[in-house]
Amino acid sequence: MSIETADPEVTIEAPERPEEVAPPRVKPGPHRDFVEKVAGTLRYADDWGLPGMLHGVVVRAQLPSARITGVDTSAAGAAPGVRAVLTAGDIPHNGILDEASGLGVDAIVQPVLAADRVRYDGEPVALIAAETPGAAAEAASLVEVEYAEEPGVFDPEAALRDDAPAVHPGGNRYVTWRSALGDVDAAMRSVDLVVEETYHSQRVDHAYLEPEAGVGWIDSDGVLTLRVSTQVIEHAREIAEILELPHSRVRVIAAYMGGGFGGKEDLTVEPFIAALVWKTRRPVRMVWSRQESLLARHKRHPFTMHYRTGVRRDGTIVAQDVRIIGDAGAYPLLSSRVLFAAAVNCTGPYRADNARVESTAVFTNTVPTSAMRGFGAMQVVFGYESQMDRIAERLGLDPAEVRERNFVRPGDRRVTGEAIDTGVGVGECMRRALAELGPPASADATQSGSRIGRGFACSMQPYGRSVFFADRASAWIGLERDGTMVIRAGVTDLGAGQAASLANIAGEVLGITVDRTAVHIGDSALTPLTGGTFATRQLYMSGNAVLKVARGLREKLEPVAAALLECNADELRFAENRVWAGSRAISIGELSRAAEHQSVMPYHHDTFDAETGKFDAETGQGRSFPDCTHGAHAVEVEVDEDTGAVRILKYVAVHDVGRAINMQRVEGQIQGAVAQGVGYALSEEVEVSEGVVSSTLFADYLIPTSLDLPDIKAIGLELHPGKGPFGARGIGEPPIGPPPAALASAIQDATGVRLRRLPMTPERVLAALRQARADSAAAAS
Amino acid sequence: MSKHQISLLLNGQPIEAMVEPNMSLLEVLRVEAGAPEVKLGCGEGVCGTCTVLLDGDPVNSCLLFAVQADGREVTTVRGLAGDVELHPLQQSFLEHAGSQCGFCTPGMLLTAKWYLDGHPTAGREELRGALAGNLCRCTGYTKILDAVEAYRDSLAEVSHVD
């Protein structure tokens with residue numbers, strides 16, 4: 001059987017193929033962005049320029065709490081090459097619009113440039129645009145700002161006292177979330193054991209290798225256009241509000257990012273570039289230095305987590321009582337949402353019929369904190385998993401057995417009252433992780449003075465935005481006349497293969513390979529909006545949008561294909577850039593041309609609406625997140641008892657990903673998140689003393705090198721379907737949670753000491769070992 | 001500030017530039033020489049994204065004055081492949097997903113290529129040490145090492161056939 005075709009790539013005589021129920025998975029070949037990355041030809045935000053471009057810099061405050069009593073820009077303005085010096089009064093609407101919690105919690109407006117009050121060290125005060133970067137930097141040093149120092153508050157617990165200096169009028173308690181289930185006080189009285197501990201986590205930096213950067217210009221049709229490294233093109237609206245422009249006159253193009261991890265989710269360079277472009281009417285580039293980024297771009301919230309867990313003798317959890325305080329720094333940013341995620345996830349993947357949780361975000365005069373991979377739900381893993389180990393220890397039970405006894409199951413209620421409505425694979429993940437760790441390292445392998453230990457931790461992490469945001473994502477797919485496919489979606493790509501995944505998903509439905517697919521992403525003027533790349537939501541949201549659009553397009557084209565192939569629509573298979581009926585095939589190009597000829601246009605646009613629900617902030621009851629991804633990590637370490645250094649010998653990370661769109665990228669996400677989690681656990685800390693950040697050199701901010709990590713064995717299990725396309729679950733954030741608890745557990749196994757404060761640096765491990773020795777000597781004497 | 005004329009061989013092509021004495025090699029490569037594949041990650045010589053080969057050896061181009069490179073040969077990642085689209089090591093990074101955001105990739109590739117040229121039988125732990133000056137925040141290094149090892153093995157196969 002043969003079909004006439006003009007397409008050169010089409011085989012006239014199609015080979016016999018076995019009948020299949022579902023189309024074969026499209027081979028996920030390399031997407032074009034990865035080819036350009038290894039070739040060195042990808043143009044990041046800073047690799048781009050325009051004729052006549054100026055260079056922008058931010059002038060920053062150099063103390064954490066002060067009134068501004070005067071600004072003199074005359075010397076800076078008169079310096080050679082300077083084309084603009086802007087202060088607060090030059091910004092049309094000097095405030096960043098923030099949709100805050102989505103639940104009506106008050107938003108405090110953050111100024112673009114500080115006007116009369118400085119609230120953190122590094123806060124922007126003025127902007128310069130000059131002909132060269134050197135001239136701009138020189139002028140920045142000539143801006144004279146007069147300050148009157150004000151008392152500041154730098155510790156969140158101190159900030160909650162009545163007599164604490166107020167960071168903002170209205171007090172330092174920004175938001176408190178509360179939820180409860182059952183009767184915690186009565187339950188605590190009935191249990192056999194109450195384990196009560198406090199855990200501390202620190203402020204850390206995203207430390208992506210590409211600092212914040214972008215170029216802005218006024219396009220030929222008068223549209224203010226920014227090409228920046230950002231996770232969120234929808235910020236175009238906030239930029240328009242700042243400049244008092246119609247939303248339609250601002251366009252944001254997202255360059256492929258050199259990493260994001262939540263650090264490019266809030267605005268970074270955008271409002272500053274925009275203001276300078278609008279003032280000078282010339283293109284402007286702004287690139288933040290690493291040191292500036294470490295000083296003043298928002299960080300992860302440090303948490304103080306107070307846990308009381310009541311259990312029966314057999315290890316069954318009866319009650320959980322958790323209080324969390326998060327340091328929001330000087331401005332709200334996304335603190336409200338981060339602390340919400342902390343509250344509703346702080347009991348972990350464990351059933352607790354009686355639970356009371358409370359989380360508070362507190363203002364201090366320190367660098368603001370906001371989104372970072374794990375978003376409030378990762379700090380608490382250290383809390384709830386350390387509690388599980390402590391319970392096992394106190395009851396003399398096996399820690400895996402205690403967890404098995406308490407894992408949530410579908411139908412169980414969470415502290416918000418909502419029922420878990422998808423499968424829970426955390427037990428399978430834990431058993432697999434422990435099995436994969438293999439036999440312990442032999443004693444011969446250890447150095448003298450070193451001890452080997454093992455630990456593990458389980459976790460859950462939501463994917464998708466809180467359901468009360470009524471999240472949605474749109475996409476457009478079209479077929480060209482030669483059978484190649486074009487996808488348009490406003491996704492931004494931070495290196496995790498966001499664009500590539502869309503090609504894979506559409507390709508699976510339409511049978512078109514990645515090499516014949518072009519994905520246009522991240523342009524607020526030209527691509528249907530999907531919402532930003534954060535909250536592990538893109539696979540769930542844009543993935544589902546593209547799946548819906550691809551299926552819609554296929555439905556449109558099936559009657560055309562069925563007529564051409566003289567078969568019923570349900571006999572069609574889309575695979576390998578062809579449409580098949582048994583062993584006969586036509587090319588996608590032929591189908592596209594035939595459809596267009598019949599006025600069935602070979603393109604389609606649609607929107608995916610995520611499930612929605614209500615949450616009552618007063619009662620703390622309602623729907624929170626669409627779904628969770630579960631996992632478990634197991635680790636073997638060697639602890640040097642003379643130095644306190646912890647060396648990781650083996651690391652296994654297992655997650656139930658529902659269905660992997662591309663298993664290699666799933667593994668990559670797991671391995672990368674583990675590496676960041678290990679840095680968080682052992683070495684990373686943004687050190688702040690009286691509001692002043694002292695770790696502003698990359699040499700002082702210690703992210704793991706290749707020598708600090710072993711090979712990370714990443715396993716994506718396809719156990720329980722999630723709510724993403726084809727049953728996928730999000731995997732970007734989930735694997736960053738377990739490392740601190742797993743490592744604390746392994747350090748305890750090796751040495752007997754348990755650390756409850758992060759990071760577990762050699763100094764802290766050594767101090768704990770010395771304390772333990774002193775305690776045991778005192779007990780013996 | 002007085003300017004100095006320097007000439008260098010960039011990926012085999014002669015380049016001349018007028019540079020100020022305090023300009024870094026990185027700045028000249030990115031701004032004057034049309035080589036934005038050399039990345040600025042920290043400016044302190046810590047992250048390794050600005051790695052280039054200077055007369056065949058890796059250097060942090062952010063810590064080197066451009067005048068120090070006068071008369072010398074500079075190789076960036078775009079000098080690896082030659083006439084083909086991708087060098088086999090680049091191909092190996094692609095196949096093993098050794099690149100995620102890609103910002104560390106140019107420096108990582110150059111260091112790996114340089115090290116394997118001198119140590120073609122280096123084992124995994126030795127390679128782990130060789131790459132310690134090139135930070136990556138996305139991959140956890142496992143797939144980078146997979147890619148480098150696969151390339152090393154392909155070299156051994158080629159020489160075995162010879």
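A, B, ... follow the sequence lines: proteins, then strands. Residue 1 opens every chain.
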Looking only at side-chain N and O atoms, does A:R297 offer a donor or acceptor that is under 3.5 Å from a partner on A:H206? yes

Side chain, backbone, both or neither of A:P710 within contact of chain B (heavy atoms, under 4.5 Å): backbone

If we ignore hydrogens and angles and just use 3.5 Å, is the side chain of B:S154 paired with the main-chain N or O of B:Y151 as donor and acceptor? yes

Between A:Q231 and A:T492, does any side-chain donor sit less than 3.5 Å from a side-chain acceptor? no

Looking at B:F103 versus A:Y44, is the centre-to-centre ring distance below 6.0 Å? yes

When B:G140, B:G129, B:G98 are compared by non-hydrogen pairs under 4.5 Å with chain A, the top option: B:G140

When the 4.5 angstrom heavy-atom criterion is applied to B:E95 and chain A, the contacting part is backbone

Bottom line for A:L697: the part with an atom under 4.5 Å from chain B's heavy atoms is both

Heavy-atom cut-off 4.5 Å, strictly under: side chain, backbone, both or neither for A:V287 against chain B? neither

Counting heavy-atom pairs under 4.5 Å to chain A, which of B:E37, B:R128, B:K143, B:K39 comes out on top? B:R128

For chain B, which of A:W48, A:Y256, A:F261 has the most heavy-atom pairs under 4.5 Å? A:F261

Between B:T51 and B:N134: side-chain donor-acceptor atoms closer than 3.5 Å: yes

Most contacts with chain A, counted as non-hydrogen pairs under 4.5 angstrom, among B:P106, B:S99, B:C136: B:S99

Side chain to side chain, B:H4 and B:E20, heavy atoms closer than 4.5 Å: no

For a quick check under 3.5 Å, do A:Q669 and B:Q100 share a side-chain donor-acceptor pair by atom type? yes

Are any of the side-chain heavy atoms of B:E44 and B:C62 separated by less than 4.5 Å? no

If you count heavy-atom pairs within less than 4.5 Å of chain A, which of B:G48, B:C138, B:A35 leads? B:C138

I need the residue from A:L42, A:V678, A:V35 with the largest number of non-hydrogen atom pairs under 4.5 Å to chain B. A:V35

Taking atom types as modelled, find out whether A:K264 and A:S229 have a side-chain donor-acceptor pair closer than 3.5 angstrom. yes

Among the listed options B:T105, B:L131, B:L135, the residue most often paired with chain A at heavy-atom distances under 4.5 Å: B:L135

Should the pair A:Y651 and A:H633 be assigned to parallel (<30°), tilted (30 to 60°) or perpendicular (>60°) ring geometry? perpendicular

Residues in residues 71-84 of chain B near chain A [non-hydrogen atoms, under 4.5 Å]: B:V77, B:R78

Out of A:K299, A:R300, A:R290, which one pairs with A:D205 under the side-chain hydrogen bond (donor to acceptor under 3.5 Å, both in side chains) rule? A:K299

Ignoring hydrogens and geometry, is there a side-chain-to-backbone donor-acceptor pair from B:R152 to B:P120 under 3.5 Å? no

Engaged part of A:E36 at the chain B interface, taking heavy atoms whose separation is under 4.5 Å: neither

Pairs of heavy atoms under 4.5 Å with chain A: top-ranked of B:L89, B:V46, B:D146, B:L109: B:V46

Flag the one option from A:G260, A:G495, A:G259 with the top tally of heavy-atom pairs under 4.5 Å to chain B. A:G495

Any heavy-atom pair between the side chains of B:I144 and B:M108 that's under 4.5 Å? yes

Select one option (side chain, backbone, both, neither) describing which atoms of A:D46 are under 4.5 Å from chain B's heavy atoms. both

When the 4.5 angstrom heavy-atom criterion is applied to A:Y208 and chain B, the contacting part is backbone

